[in-house]
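Let me begin by presenting the structure, written as structure tokens, before commenting on it.
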Protein chains: 2
Amino acid sequence: MGRPKAGEPELARDVIIDAAIETLKADGIAALSLARIAASLNVQTPALYWYFRSKADVYTYMSEKIFRDVLDSLDPELVGRDLLWAFGCAMRHKQCAIRDAAKLISMAGVSDEVRTILVPGLLARVADRDITASQARNYLTAIQSLSLGWAIFESNPATSEVMRRSGDGDIAYRDALARLVFGVVLGESPAVSGTDHQEPSS
Amino acid sequence: MGRPKAGEPELARDVIIDAAIETLKADGIAALSLARIAASLNVQTPALYWYFRSKADVYTYMSEKIFRDVLDSLDPELVGRDLLWAFGCAMRHKQCAIRDAAKLISMAGVSDEVRTILVPGLLARVADRDITASQARNYLTAIQSLSLGWAIFESNPATSEVMRRSGDGDIAYRDALARLVFGVVLGESPAVSGTDHQEPSS
DNA sequence: ACCTGAACACCGTTCAAGT
DNA sequence: ACCTGAACACCGTTCAAGT
């Protein structure tokens, strides 16, 4: 391993992205360098430039992969506010599962796939009976903003100390999410099929 | 300039932080290096290490300065939800005024001053008649998360293209903020003295 | 006390060269 | 087509040395 191959290639875009996300999980975004990603693949750093144009490019596709995983975890039956709620829960679930995922997303660009296919597809499912296309965009922006900001706040040890270090962070998040999505003011979660996230069926 | 001084010092923590924020405004966070900050002060890079322990330290105090400016812009009479609303508006106003302010905050640490004085002071003012201390923390977390995430989303050119490129971003933000703070579902801004931000009176 | 100059390890990126 | 090795500019950080 590590020497030029004459057979099938050693790397692939998916392999690199997966390794990058594993490195992110393990060491956080501060340590996420191309050198470390390459080292985890037993490859020299410039090898990555055959598959990606820049480090920013790697970030973009890491972000796409995370977003796609979130979408895949959603019940395809869901529409409207129920879909928004499930999306908000799944987004938070993913950000808890991958360390610094929110910071990665905040630094990363948006791929063509996400911009022209995934987001429009999601918006189309959200725009149901009583939600216009414009409202769908606004709701989605609010939910993504809330989940992104919340994860970033929680990742800061000083902040999370201020903001209480018990297990009620989830409750507080779901409270805020419910206010954004359903307009309810307090307490009981709305009646939603699959109030938690679902794993992809594949 | 640039040579060791025998008189009063050329630098000071405030001067450095101000120069850093000006550099941030001008060139964005990607170009915010200690070398650039030092160059804008006609000083060598290691000089900054006399005043700050690390680049992270500089970031922390840049963030503190921004937070303090936001707090200073608030009407000291405000309490409870009215204060939360004004804080959410002022936070957004500041993030619009300083490029990449949200990304800076998301990367920066929290200073002792912010953690032990400014935030507790704000929380004490928020916890009014019908808001407990615990609810105040949760509300504040939600508002800071929303404003932070919103600014980050808007800063991404691809995202803001998807999310409509008209001037209604402000309306959408205030809508979401109103749902978080007051629980109202749509439209009219609540009756609040000073629905916009105020400049510091000093 | 306050700042410079030189040095170090690390990084992203490019590119000729190997297979 | 796919990967290495060497090189470049830049970065954060340390530290002895100057005033």
Side-chain angles (χ1 to χ4, degrees), chain A residues 1-24 26-63 100 103-104 106-109 111, chain B residues 1-24 26-63 100 103-104 106-109 111:
Chain A
M1 336 165 175
R3 309 198 179 77
K5 303 297 293 282
E8 64 279 359
E10 191 160 345
L11 295 178
R13 290 172 68 93
D14 302 7
V15 176
I16 295 172
I17 294 300
D18 287 346
I21 291 182
E22 285 309 307
T23 304
L24 181 68
D27 303 327
I29 201 163
L32 188 66
S33 68
L34 294 183
R36 275 175 102 104
I37 298 170
S40 80
L41 291 163
N42 289 110
V43 151
Q44 297 306 118
T45 308
L48 305 181
Y49 282 84
W50 180 259
Y51 298 92
F52 296 96
R53 289 204 312 271
S54 64
K55 184 185 183 183
D57 208 23
V58 176
Y59 275 26
T60 296
Y61 287 100
M62 290 175 71
S63 177
D100 285 346
K103 287 186 180 177
L104 174 87
S106 79
M107 299 173 64
S111 69
Chain B
M1 335 161 174
R3 308 194 183 80
K5 302 296 293 283
E8 63 279 0
E10 190 160 345
L11 296 178
R13 291 172 68 93
D14 300 8
V15 176
I16 296 172
I17 294 300
D18 287 346
I21 290 182
E22 285 310 307
T23 305
L24 180 68
D27 303 328
I29 199 163
L32 188 65
S33 67
L34 294 184
R36 276 174 102 104
I37 298 170
S40 81
L41 292 164
N42 290 110
V43 150
Q44 296 306 119
T45 307
L48 304 182
Y49 281 83
W50 181 258
Y51 299 92
F52 296 98
R53 288 203 314 271
S54 64
K55 185 184 182 181
D57 207 24
V58 175
Y59 275 26
T60 295
Y61 288 99
M62 290 175 71
S63 177
D100 286 345
K103 287 186 180 178
L104 174 86
S106 79
M107 299 173 64
S111 70

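Throughout, a chain's letter reflects where its sequence line sits, starting with A, and its residues are numbered from 1.
- Using a 4.0 Å heavy-atom criterion, one finds that B:Thr45 contacts the bases of the nucleic acid, with or without backbone contacts as well.
- Using modelled atom types, one side-chain atom of A:Arg13 and one backbone atom of A:Tyr51 make a donor-acceptor pair closer than 3.5 Å.
- In this entry D:dT19 has C:dA1 as its Watson-Crick or G-U wobble partner, both defining distances falling under 3.5 Å.
- Here the C1' atom of nucleotide D:dT4 and the CG atom of A:Leu11 are 12 Å apart, to the nearest Å.
- Under 4.0 angstrom from either OP1 or OP2 of C:dC3 there lies no side-chain N or O belonging to B:Trp50.
- In this structure, A:Gln44 places its CD atom 15 Å from C1' of C:dT14, rounding to the nearest Å.
- Between A:Tyr51 and D:dC3 there is a side-chain N or O to OP1 or OP2 distance below 4.0 Å.
- Formation of a donor-acceptor pair under 3.5 Å by the A:Asp57 side chain with backbone atoms of A:Phe52 is not found in this model.
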(message) Determine whether A:Val58 and A:Leu48 satisfy the following criterion, side-chain contact (heavy atoms from CB on, under 4.5 Å), listing intermediate values before the conclusion.
(response) CA-CA 9 Å; A:Val58 176; A:Leu48 305 181; 5.8 Å; no

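- If you check every strand for non-hydrogen atoms under 4.0 Å, B:Ala35 touches sugar and phosphate atoms only.
- The side chain of B:Lys55 has D:dG12 as its nearest neighbour among C:dC3, D:dG12, D:dC15.
- Atom CG of A:Leu34 sits about 8.0 Å away from atom CG of A:Leu32, to the nearest 0.5 Å.
- Pair assignment for C:dA6 gives D:dT14, based on Watson-Crick or G-U wobble hydrogen-bonding distances that are each under 3.5 Å.
- Rounded to whole angstrom, the span from the CG atom of B:Leu34 across to the C1' atom of D:dT14 amounts to 13 Å.
- Closest to the side chain of B:Ser33, from the set D:dC3, D:dT4, D:dG12, is D:dG12.
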